Amino acid sequence: MAQPTSDSPRPPIAAAVIVKDGRVLLVRRRVKEGSLSWQFPAGEMEEGELAGTAAVRETYEETGLTVADTNLLGERLHPATGRVMIYVACNVIEGEAKVVDNDELADFTWATGDQLAEYVPYGFYPVVQDYLDAELVR
């Protein structure tokens with residue numbers, strides 16, 4: 001999986017795209033990043049850390065959910081934040097999602113495909129949307 005490059009001014013953000021029982025986990029940040037409020041569990045990659053490892057770590061730190069990375073979905077420069085984003089599909093191993101990191105998160109939800117536009121009206125990166133279209137209940 002991808003690693004940050006040494007010439008990057010800020011580390012990439014690894015986002016965990018977690019689907020369970022036909023729903024995707026979204027978290028609501030206490031502080032919006034641009035227009036973003038609801039998003040995937042995510043955070044900065046640490047030096048030398050792989051994207052999948054970072055996505056797994058951030059999910060646990062934010063929600064208490066233990067997940068395993070399964071597939072690198074894609075990478076892009078996020079149009080709203082200007083940050084390099086790396087999207088990683090993850091499967092739930094154990095636990096129940098909850099708000100663990102009260103400093104960063106205000107809430108979470110498991111959304112169906114029909115509910116996504118309510119939480120993320122600006123849409124998703126196309127490769128992530130394709131993955132969600134294939135995995136989510138409508």
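Atoms considered below: every heavy atom in the structure, side chains included; atoms not considered: hydrogens, waters and symmetry mates. Since the structure is predicted, the reported quantities are computational estimates derived from the model, not experimental observations.
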What's the shortest heavy-atom distance between [X] and [Y], and which atoms?
| X | Y | answer |
| --- | --- | --- |
| Leu77 | Gly82 | CD1-O, 3.0 Å |
| Lys20 | Trp110 | CB-CZ3, 3.7 Å |
| Cys90 | Ala55 | SG-CB, 4.3 Å |
| Arg28 | Ser37 | CG-OG, 3.3 Å |
| Ala111 | Leu116 | CB-CD2, 4.1 Å |

Any chance you could measure [X], atom [atom1], to [Y], atom [atom2], to the nearest 0.5 Å?
| X | Y | atom1 | atom2 | result |
| --- | --- | --- | --- | --- |
| Thr112 | Leu132 | OG1 | CG | 11.0 Å |
| Arg83 | Glu44 | CZ | CD | 4.5 Å |
| Asp130 | Phe124 | CG | CZ | 12.5 Å |
| Asp69 | Ile18 | CG | CD1 | 11.0 Å |
| Gln115 | Thr109 | CD | OG1 | 6.5 Å |
| Leu25 | Thr59 | CG | OG1 | 7.5 Å |

(Q) Quick check against the 3.5 Å criterion: does Arg29 have a side-chain atom that pairs as donor or acceptor with the backbone of Leu105? (A)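 Not confirmed, Arg29 side chain does not pair with Leu105 backbone.
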
Between [X] and [Y], is any pair of side-chain heavy atoms under 4.5 Å apart?
| X | Y | result |
| --- | --- | --- |
| Val17 | Asn71 | no |
| Arg76 | Tyr87 | yes |
| Leu73 | Tyr125 | no |
| Glu58 | Pro41 | no |
| Phe40 | Leu26 | yes |
| Met45 | Ile86 | yes |

Hphob cluster co-occupancy, [X] + [Y], side-chain heavy atoms under 4.5 angstrom:
| X | Y | answer |
| --- | --- | --- |
| Met85 | Val56 | no |
| Phe108 | Val67 | yes |
| Tyr122 | Tyr131 | yes |
| Val128 | Val19 | yes |

Which side-chain N or O atoms in residues 91-102 pair as donor and acceptor under 3.5 Å with protein atoms at least two apart or in another chain?
unit_1	atom_1	unit_2	atom_2	d
Asp101	OD1	Asp103	N	3.1
Asp101	OD1	Glu104	N	3.2

